[in-house]
Amino acid sequence: MKHVAAWARPFDDPVLLSDGRELVTLRDAGDYITSLPKAEQNLDAWQAAVEALLLVVELNGPTMMARTGMLRALNRKVERVFDPSRIEKHWGRRKLKRDE
């Protein structure tokens, strides 16, 4: 595969940005990263996203790897909060027929 064609590969699912835009291809993701300020580009999360992007392009890897890197970098400030209302209720232990 030509190097130019590798950058034109689309993600399986587009990466949605907070401003409503979508990153559809690997080139879109690369352009987005290069448009960030240098201080932000040097963060570990973005460095990992660039590395994943380059591995996908150069080694013809799965685009899901680059998408995951982008999503982790974009959501690095999002704190996961535990929601206790989603816990399934435990109604007791089921008894087997032989234990009755």
Side-chain angles (χ1 to χ4, degrees):
M1 182 181 292
K2 289 185 177 181
H3 196 64
V4 175
W7 283 101
R9 286 175 54 197
F11 288 114
D12 295 333
D13 295 317
V15 176
L16 300 175
L17 301 176
S18 59
D19 60 2
R21 293 183 298 162
E22 290 184 347
L23 303 177
V24 180
T25 64
L26 298 174
R27 179 180 309 285
D28 294 341
D31 291 343
Y32 178 79
I33 294 172
T34 56
S35 71
L36 294 172
K38 289 292 181 192
E40 193 166 351
Q41 285 182 21
N42 291 331
L43 294 175
D44 289 339
W46 285 111
Q47 289 296 312
V50 167
E51 186 174 345
L53 192 63
L54 289 174
L55 284 172
V56 169
V57 170
E58 292 174 357
L59 301 176
N60 198 21
T63 57
M64 185 58 73
M65 189 169 71
R67 184 177 188 277
T68 302
M70 289 295 296
L71 289 174
R72 290 188 71 161
L74 287 168
N75 296 320
R76 70 188 183 285
K77 295 180 183 176
V78 177
E79 181 180 339
R80 296 180 72 182
V81 179
F82 177 69
D83 183 9
S85 67
R86 295 192 64 198
I87 295 178
E88 291 186 25
K89 304 295 184 224
H90 180 66
W91 296 107
R93 192 168 175 201
R94 282 189 62 162
K95 301 225 189 251
L96 297 175
K97 184 82 171 167
R98 67 166 193 227
D99 295 337
E100 292 179 354

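Each residue takes its place number in the sequence, starting with 1.
The distance from the CG atom of Leu53 to the CG atom of Leu26 is 5.5 Å, given to the nearest 0.5 Å. If you take CG on Leu43 and NZ on Lys38, they are separated by 13.0 Å, rounding to the nearest 0.5 Å.
With Gln41 contributing its side chain and Ile33 its backbone, the two residues share a donor-acceptor pair below 3.5 Å.
Met65 and Val24 are not part of a single hydrophobic cluster, where members link through side-chain heavy atoms under 4.5 Å apart. Under a hydrophobic-cluster definition in which Ile, Leu, Val, Met, Phe, Trp and Tyr are linked whenever side-chain heavy atoms come within less than 4.5 Å, directly or via other members, Leu54 and Leu74 are assigned to the same cluster.
Nearest heavy-atom pair, Met70 versus Trp46, reported as atom, atom and distance to 0.1 Å: CE-CZ3, 3.9 Å. Of all the heavy atoms in Ala45 and Ala73, the pair that sits closest is O-CB, 3.7 Å.
No side-chain heavy atom of Asp12 sits under 4.5 Å from any side-chain heavy atom of Arg67. Residues Asp28 and Trp7 are not in side-chain contact: their nearest non-hydrogen atoms beyond the backbone lie 4.5 Å or more apart. With contacts defined as side-chain heavy-atom distances shorter than 4.5 Å, the pair Asp44/Arg76 does not qualify. Within the 4.5 Å cutoff, the side chain of Thr25 has no heavy atoms near those of the Phe11 side chain. With contacts defined as side-chain heavy-atom distances shorter than 4.5 Å, the pair Val15/Tyr32 does not qualify.
Atom CD of Glu51 sits in a sparse spot, with 12 or fewer heavy atoms from other residues, nucleotides or ligands closer than 6.0 Å.
Applying the salt bridge (Lys or Arg N to Asp or Glu O under 4.0 Å) criterion to Asp19, with sequence neighbours excluded, gives Arg21.
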